[in-house]
There are 2 protein chains.
Amino acid sequence: MDKFKQFLKNIAPITDKEFADSISVFTELHLKKGDFFVKQDKICRNIAFIVSGTIRIYYINQKSEETTYSFCQENCLTTSFKSFIFQTPSQLTLQALENTVLLTIDYDKLNVLYKDYPIWQNIGRIITQNEFLNMEKYASVLNNETAKEKYLRLLKEQPNILQKASIEDIASYLGITRRTLSRIRQEISK
Amino acid sequence: MDKFKQFLKNIAPITDKEFADSISVFTELHLKKGDFFVKQDKICRNIAFIVSGTIRIYYINQKSEETTYSFCQENCLTTSFKSFIFQTPSQLTLQALENTVLLTIDYDKLNVLYKDYPIWQNIGRIITQNEFLNMEKYASVLNNETAKEKYLRLLKEQPNILQKASIEDIASYLGITRRTLSRIRQEISK
DNA sequence: ATCATTTGAGGACATTTGTCCTTGTTAACC
DNA sequence: GGTTAACAAGGACAAATGTCCTCAAATGAT
């Protein structure tokens, strides 16, 4: 709970009272390794704060290959954004890579918060902005960096992902093949 | 003006009265080919609706190369998003690829609209969402498509960009070199 | 514990892409 | 109108990455 409060306070000046009122509509959800938080083609009803654990988001691309969209870890929010905001079927799948604890809120309850607490409007807007900036950064990396640079960046930014995700998952996140990632790892280990 | 009204109505149900009140705080700006709308390291004070023309957004990457971030055309919004929302120096440069007509509004005036007209809060939120979804799409393309696929996609989605942007600009947008783009174009022309 | 399945490393070769360069063409400027 | 600079095409070779594959180790299930 404290983690979530701190997370929100870093976004907007939510009062303790507002937080206490709000937190009561969140639900704690425990996922086991391999469990799904959102499945493809289902409408994503919830957005979640990750208290602990790791969620892998992926989709099936035009070539029918699984592509990792992102790895979400502790102290981050996770959802199938497009599906959640439009309440349409999700193209993304969200799956726990390890046992994971979430604080979730569903679409209707979030809209009640938006209505009752103006601060939540700010929080919602800022979160969307942050998601945009993250995606912009990711696109810039994909556009400008070599396979090796992208891998080293991931190691630096999410060092523990290596212990949690498979080589396959990481390769598709970086937009390269397993073979290329294997070569890079070999080269680095020297 | 009508173009802009239609654009806004497609986003949120703004009334004719609200539109008439709002439009008065926008400024029409005419850029000649080559003129800058936003320069790197300056704070981006304005957001603009493109009435006609084309804006190229680019940045200098870690290897000191110009990288095209996007091509914005008629009936779209354009700004250096991060710089505008945080009012911090822009990493992006926005330049007209041809004579361009804009409707612009500055940061302070937009915040007045947010305050006075709740509908503008919605518009602002939805625009941010759309920007996110565009960026998500772009990242997905960069991650999954080959050079040729990316080029064909650009041809399909922004066919007239070829007449307006240089091969260099297009190559950096697609994350490939001039040489590769030249080969693709040769192959296609057969 | 045993067997089957999944996963990661890496060989061999093909393909794609990049680098460096030259050339011809177009466009811009005095 | 002639000169210069910018731009696009493409040759030759190098480097990076992908494809297909095998093998060994790790993991999971019975």
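As the structure is a prediction and not an experimental result, all values here were calculated from the model. A, B, ... follow the sequence lines: proteins, then strands. Residue 1 opens every chain.
Each of A:T67, A:N61, A:T68 was evaluated against A:S172; a single residue qualifies, A:T68, per the side-chain hydrogen bond (donor to acceptor under 3.5 Å, both in side chains) test. The only member of A:R178, A:R56, A:K164 that meets salt bridge (charged side-chain N to carboxylate O under 4.0 Å, His left out) when paired with A:D169 is A:R56.
Distances shorter than 4.0 Å separate some side-chain N or O of B:T177 from OP1 or OP2 on C:dG18.
The CD atom of B:E149 sits 14 Å away from the C1' atom of D:dG18 (whole-angstrom rounding).
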Please write out the pairs of protein N or O atoms and N or O atoms of nucleotides 8-10 of chain D separated by less than 3.5 Å, giving the distance to one decimal.
from  : atom 1 : to     : atom 2 : distance (Å)
D:dA8 : OP1    : B:I167 : N      : 3.1
D:dA8 : OP2    : B:I167 : N      : 3.4
D:dA9 : OP1    : B:R185 : NH2    : 2.9
D:dA9 : OP2    : B:R185 : NE     : 3.4

Heteroatom pairs (N/O) under 3.5 angstrom, protein to nucleotides 25-30 of chain D:
none

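A 4.5 Å side-chain heavy-atom check between B:I170 and B:I161 finds at least one atom pair inside the cut-off.
With sequence neighbours excluded, no residue forms a ring-ring contact (aromatic ring centres under 6.0 Å, His included) with A:Y58.
No N or O donor and acceptor, one from the side chain of B:R183 and one from the base of D:dG11, sit under 3.5 Å apart.
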Inset, instruction - Any chance you could encode DNA chain D as dot-bracket? Rule is Watson-Crick or G-U wobble with both distances under 3.5 Å; [ ] for pairs crossing earlier ones, | for another strand. - result: ||||||||||||||||||||||||||||||
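Residue pairs that meet the ring pair (Phe, Tyr, Trp, His ring centres under 6.0 Å) test with at least one member in residues 62-86 of chain B, sequence neighbours left out, are A:F132-B:F81, B:F71-B:Y173, B:F84-B:Y107.
Aromatic pair B:F26/B:F4: centroids less than 6.0 angstrom apart.
Contacts between residues 61-68 of chain A and DNA chain C, counted as heavy-atom distances below 4.0 Å, involve no residue at all.
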